[in-house]
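Atoms within each ligand, like the ligands themselves, are counted from 1 in listed order. Numbering of residues begins at 1 and proceeds along the displayed sequence.
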Amino acid sequence: MITRRTWCSALGAGMTAGAQPPVAAPQPGDSTREQRLRWWHDAKFGMFIHWGLYSVLGRREWVLEQEAIPISEYEQLARRFTPQPGAARQWARLAKRAGQKYMVLTTKHHEGFCLFDTKLTDYCAPKQACGRDLVREYVDAARAEGLRVGFYYSLMDWHHPDGERCAKDEGARKRFVAYIHGQVRELLTNYGKIDVLWYDVAHPLDAAGWESERMNRMVFELQPEIIVNNRNRLAGDFGTPEQRITEEPRPWESCMTLNGSWGYCRTDDEWKNARTVIRNLGNCARGGGNYLLNIGPRGDGSVPEPSVQILNSVGSWLERNGKSIYGTERARLRYSEMTGFTRRGNTLYLQVHFWDGVTLSIPGLETKVLSARLLATGEKLSYQQDKYRLLFTGLPATPPDEPVTVIELECEGEPVQMDRLLVRGRDHRGKV
Ligand code: GLC
């Protein structure tokens, strides 16, 4: 049970006088889940931010382990981690321009350095050269742009002396779990209302070792409306496919890098282009999922120029075509490299990734299409339809929108597509 006292202290200044606390703290999986997830389902697109001491070196966030840097040497990076003021404002503005509705920042990555103020270690930004609570700056920045706030928190910790030996030594486990739970408590107590808790890497303990059930209970007592992911070895509220888009039968969010690294990598130039990002976003939305797209700012907080450019183009596309993404529902239609779909009610959004200008058709759409128009310009398109094929006629020769053109199709009912074998079999009836 949650008492009025814990609710008020949890929400601190954010609590409005007279608001009533809920009767009980929600659990992942309970009846409040759908309600807690609603904004997130509608939002579809978020910004992931990997930032820490590793950002100073620019050789990815696993550099400590991958280059076998001794902890005492790595700790020296804290002297050089003195980000420019206002960095978080830049990210939040970028996210807003990109059409992202929420942000998730690494408050502590595997390296163990905390970007927030904590009583439990001195290895944190406010007590080192930086001298500022970077999580506070981030939370304020996100709120100033009207974005929801998420905290990533790595359970695995390479810096904490008990972080590895906790697997074999019960005394170490108890100390370490008290540290981790204590930090989660601080994060969810000191920054007002937090919308997402994004655990990561539960090595080296199992759910019993982390006392994950107890941890989630505490989380929901402190933040009754929060949603949590599945990386503390419990199912949580949503799944987290990484670097891939795989539809899950429950709420899910695909997290992905913009190049190949999460943390800043000076030499990684394998950037996705705006079309790929839009296609991925559409494919997530089609499958009822979200897309959490990462930036890896430099140590000074600045965002690599290619990330800024790609996100700006995606954002300007979303200004014209956001209707085909936000608030859409799962669409049980097949997609290809050429085209994708999203759906809201009886409206289908056909996303054409490569505009041919001569021909365009959808196979096996059995539901009657009432009208078709280009989303960007409103121009009506003509078409012919039988149950095997919807064929557009008289298409503009050049792509009406870049990098992806969206056609809005009003259908008579919820769009249904015929099995592909039946479509193929129409000329071979009885033989397939
Ligand atoms: C993996 C990586 C980590 C990254 C995370 C993002 O768990 O270890 O570096 O933060 O993926 O999902």
Do Y152 and H50 have their ring centres less than 6.0 Å from each other?
yes

Within the 6.0 Å centroid threshold, strictly below: W262 and W51:
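Not close enough - the centres of the two rings lie 6.0 Å or further apart.
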
Counting heavy atoms only, name the option from D200, V201, T106 that's nearest to atom 5 (C) of ligand 1.
D200

For the residue pair D300 and A87, what are the closest heavy atoms and their distance?
O-CB, 4.3 Å

Examine distances only and state if a side-chain atom of Q183 and a backbone atom of T121 form a donor-acceptor pair shorter than 3.5 Å.
no

Whether Y138 side chain and M103 backbone form a donor-acceptor pair below 3.5 Å
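Yes; judged by distance alone, with no hydrogens or angles, the pair exists.
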
Return the closest protein heavy atom for [atom] as residue, atom name and distance.
atom: atom 1 (C) of ligand 1; result: E242 OE2, 3.3 Å
atom: atom 2 (C) of ligand 1; result: W62 NE1, 3.6 Å
atom: atom 9 (O) of ligand 1; result: E61 OE2, 2.6 Å
atom: atom 4 (C) of ligand 1; result: H50 NE2, 3.4 Å

Contact with ligand 1 for R60, non-hydrogen, under 4.0 angstrom
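Not so, R60 does not reach ligand 1.
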
Non-hydrogen atoms of W198 versus ligand 1: any pair closer than 4.0 Å?
yes

Ligand 1-proximal atoms of R231, by part, heavy-atom distance under 4.0 Å
side chain

If the test is side chain to side chain donor-acceptor pair (under 3.5 Å), which one of R80, R79, E73 qualifies with Q76?
R79

Would you mind checking if D42 and K44 are paired as a salt bridge, meaning a charged N to carboxylate O distance below 4.0 Å?
no

Numbered atoms and elements of ligand 1 in range of [X], under 4.0 angstrom, heavy atoms:
X: H109; answer: 3 (C), 4 (C), 9 (O), 10 (O)
X: Y152; answer: 10 (O)
X: C255; answer: 12 (O)

Does R231 make a cation-pi contact with W198 (under 6.0 Å, within 45 degrees of the axis)?
no

